[in-house]
Amino acid sequence: MKKTALMLSLSGMVLCGAAQADTLLGLYLGADGWQTSTTGSFANTEQLQHFNFDDETQASYYIALEHPVPLLPNIRIQHNPLESSGDTNVQGTFSFAGQTFVVNSQLRNQVDLTSTDYILYYEILDNEMLSFDLGINGKYIDGNATVSEQGSSNVAMQDVSQTIPMLYSSLIVGLPLTGLDVFAQGSFVSYDGSRWYDVQAGVAYALLDNLAVDMRLKLGYRAVNLKLDDIDDLYTNIDVKGVFAGIELHF
């Protein structure tokens, strides 16, 4: 009897410790697959050249760490590879990155808008019914825009490398007794003629929910708009949008 009581006591201490550790420190790992449709234009001046882009499959990955320390923000780091290319026949003379392309040139165009989000945020609300986070995002973009003339060695590339401060927020609303929740998340900034937003919304299902690990499956829609006004000599107005699916683990 004493052995049984001791085992129950130890088991209770282990479970309590695990639950307390989850409350004190939470680690989130996630990955999304995103089917994108891209439209837009870019140039070295305000006179933007429109380009055609093919549909692509993109991916993004993130890690977040939450803790109970007052005044110290939580942190989320997300890497967003984002590339798209296509073929365009220019209707007029187009100059880009020191190269000139004449009328009716058949061009291969590509943009690489890969970015990494460094997000510091606070949990304003955090319970099973409602979760709301608010913070700032230092979005670091390290990419380029490239134009090459088909059948020629004429290639032009413009690099861009900047850290852009953005406002970040996240909202999750739980649907009782279903294992489902609806969510919306995004970052936004607008200044000096430039604008960048990266927003998504959708529904998630809690496939696993226990003391060891939680697992959410997500399905939603994501939209990115990148309007650059003379950032590293690059002007853009590019929209990337489409359906995504993902998985998130919470330890």
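All values below were derived from every heavy atom in this structure, side-chain atoms included, with hydrogens, water molecules and symmetry-related copies excluded.
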Donor-acceptor pair, [X] side chain versus [Y] backbone, under 3.5 Å?
X	Y	answer
Asn89	Asn104	yes
Ser95	Thr100	no
Thr36	Glu56	yes
Thr45	Gln47	yes
Gln158	Asp232	yes
Asn137	Leu167	no

Q: Specify the closest pair of heavy atoms between Val102 and Val90, including all atoms of both residues, with the distance to one decimal.
A: O-CG2, 3.4 Å
(Q) Hydrogens and angles aside, do Gln110 and Asp112 bring a side-chain donor and acceptor to less than 3.5 Å of each other? (A) no
Check [Y] with [X], please: is the shortest side-chain N to carboxylate O separation under 4.0 Å?
X	Y	value
Lys139	Asp198	yes
Asp117	Arg76	no
Arg195	Asp229	no

Would you say the rings of [Y] and [X] are close, in the sense that their centroids are separated by under 6.0 Å?
X	Y	result
Tyr28	Phe251	no
Phe96	Phe101	no
Tyr118	Tyr168	no

Q.
Counting C-beta onward and ignoring hydrogens, is there a side-chain heavy-atom pair between His250 and Leu27 closer than 4.5 Å?
A. no
Q. Above 12 or not: heavy atoms from other molecules or residues under 6.0 Å from CD1 of Ile136?
A. no
(Q) Quick check on Gln35: does its CD atom have over 12 non-hydrogen neighbours (other residues, nucleotides or ligands) under 6.0 Å away? (A) yes
Would you give me the side-chain donor-acceptor pairs under 3.5 Å for residues 204-213, sequence neighbours excluded?
unit_1 : atom_1 : unit_2 : atom_2 : d
Asn210 : OD1    : Ala212 : N      : 2.9
Asn210 : OD1    : Val213 : N      : 2.8

Q | Mutual orientation of the aromatic rings belonging to Phe42 and Phe53 [parallel < 30°, tilted 30-60°, perpendicular > 60°] | A | tilted
Determine all donor-acceptor pairs shorter than 3.5 Å in which one atom belongs to a side chain in residues 124-133; sequence neighbours excluded.
unit_1 : atom_1 : unit_2 : atom_2 : d
Asn127 : OD1    : Met129 : N      : 2.9
Asn127 : OD1    : Leu130 : N      : 2.7

